[in-house]
Amino acid sequence: MAVARATLLRPQSNVSSSAPSSSAPGLPQTLKGRDVEDYAMWRCIEAHQGQRMSVPRGFKWSGGVLDQAYEKCGQVTSEYAKTFYLGTQLMTPAQAKAVWAVYVWCRRTDELVDGPNASKITPKALDRWEERLEALFDGKPYDELDAALTDTAAKFPLHIQPFRDMIEGMRMDLVKSRYETFDELYEYCYRVAGTVALMCMPIMGIEPSYKGQLEPVYRAALALGTANQLTNILRDVGEDAYQRNRIYVPLDELDKYGISEKELLTGLHAPTTGQMDDRWRTFMHFQITRARQYFTDAESGVDLLAPQARWPVWSALILYRQILDAIEANDYDNFSKRAYVPKWRKMVSLPVAYTRALMPARRR
């Protein structure tokens, strides 16, 4: 059984390096949990190592429309991901534009289920969005923003699998509002956040002096995606419960700490004092400790990225980790208070991230 699983997840040695990355079959339906992540990771590593572009390099979009599309992607990234956009200014122009194109596709995908028209989205709508994705990677984009990603896939060795997986994560949000175990939640975290790490790795590139395997670098990138999504989940517990009737924290772990689903949906405040229930404090301490470990696991991989890519990633890591500090500062009240990092602290953190990017740990 173990041999069969390794054969399935790892790239096959007899796969032609000249074949387009998007020609690989989709995710086997039998895979669950962390195996979903592993399958995609190995497909992406294979494409990265072989510099296999998913779209022929001859792809062209008429006139100046493509330049306008990249400019629009940059504007969207600047508006909704200001700190990350600032970091992309240190990248080469080609890298920056490619990252913007990926960000915009991910944002458009996420808004299908969390945007203003989310109530009208059906599984068939996601099927159509996936058809657009397949066409995009086949060199036949539907619109100018799709064309920006098609052009990116013609210049960088992106694999289509994490894009497919993200759409499946949106399908999960349509039909699944509870997660029984952390393994179930981990798969969701990969699909909606770890996928972004796999999309961006071939664009950001690897430290030129690094001659080791790509697996530890990719594992660290995936750990950062998981850490960021777990942080989102812990910050938004109350909002997800009250506004969406969603519980993302594992139900079996709630049970372990003696907390019922009904209590979470109404808030874990003591009725007389308004203070947080001690059970919730203990539960949240456990959740935050786990999220912090994923941030720690991600650090070594950031140092192995190409120099121009380190600052935006270090910035994201440091700033997101501070959200966990803010939850603690709020006495773990993520029902009536929203944890956020003050602007002054963000500004102080940016030069710290920049210094950290210039001085990888292995050189200090």
Below 4.5 Å, heavy atoms only, C-beta onward: do [X] and [Y] meet side chain to side chain?
X    : Y    : answer
E46  : R52  : yes
C73  : L145 : yes
I160 : S54  : no
L126 : L112 : yes
R290 : F182 : yes
C44  : P162 : yes
W42  : Y218 : no

Would you say the side-chain atoms of [X] pair up with the backbone N or O of [Y], donor to acceptor, closer than 3.5 Å?
X    : Y    : value
W105 : L149 : no
T150 : L136 : yes
K211 : P208 : yes
E207 : L304 : no
T266 : K262 : yes
D143 : D146 : yes
D138 : K140 : no
R310 : A357 : yes
D277 : R279 : yes
S78  : G74  : no

Single-linkage hydrophobic cluster [X]~[Y], side-chain heavy atoms < 4.5 angstrom:
X    : Y    : value
Y103 : L305 : no
Y70  : Y85  : no
Y80  : V313 : no
F156 : V104 : no

For E184, which of R178, R191, K176, R34 qualifies under salt bridge (charged side-chain N to carboxylate O under 4.0 Å, His left out)? K176
Check whether F283 forms a cation-pi arrangement with K256 (NZ or CZ under 6.0 Å from the six-membered ring centre, at most 45° off the ring normal). no
Could R43 and Y39 be counted as a cation-pi pair, given that NZ or CZ must be under 6.0 Å from the ring centre and within 45° of the axis? yes
Less than 4.0 Å between a side-chain N and a carboxylate O, is that true for [Y] and [X]?
X    : Y    : result
R281 : D278 : yes
R321 : E299 : yes
R164 : E168 : no
D183 : K32  : no
K337 : D331 : no
E130 : R171 : yes
R219 : D38  : yes

If the test is side chain to side chain contact (heavy atoms under 4.5 Å, CB included), which one of L254, D255, V249 qualifies with L251? L254
The remaining residues in the hydrophobic cluster of V348, counting side-chain heavy-atom contacts under 4.5 Å among Ile, Leu, Val, Met, Phe, Trp and Tyr, are W344
On the 0 to 90° scale, with breaks at 30° and 60°, tag the Y248-Y179 ring pair as parallel, tilted or perpendicular. parallel
Q229 vs V192, test: side chain to side chain contact (heavy atoms under 4.5 Å, CB included). Steps then yes/no. CA-CA 8 Å; Q229 188 58 29; V192 301; 3.6 Å; yes
Answer yes or no: are there more than 12 heavy-atom neighbours, outside Q213 itself, under 6.0 Å from its atom CD? no
Should we say atom OH of Y340 is surrounded by more than 12 heavy atoms from elsewhere, each under 6.0 Å from it? no
List for me each residue that meets salt bridge (charged side-chain N to carboxylate O under 4.0 Å, His left out) alongside D325, sequence neighbours excluded, and say none if there are none. R292, R345
Strictly by ring pair (Phe, Tyr, Trp, His ring centres under 6.0 Å), give each pair with a member in residues 287-312 just once, sequence neighbours left out. W311-Y354
Is there a donor-acceptor contact under 3.5 Å linking the side chains of S336 and D333? yes
Would you say Q95 and T88 are linked by a side-chain donor-acceptor pair, where the criterion is simply a distance under 3.5 Å? no
Ring centroids only, cut at 6.0 angstrom: are Y257 and W280 within range, meaning strictly under it? no
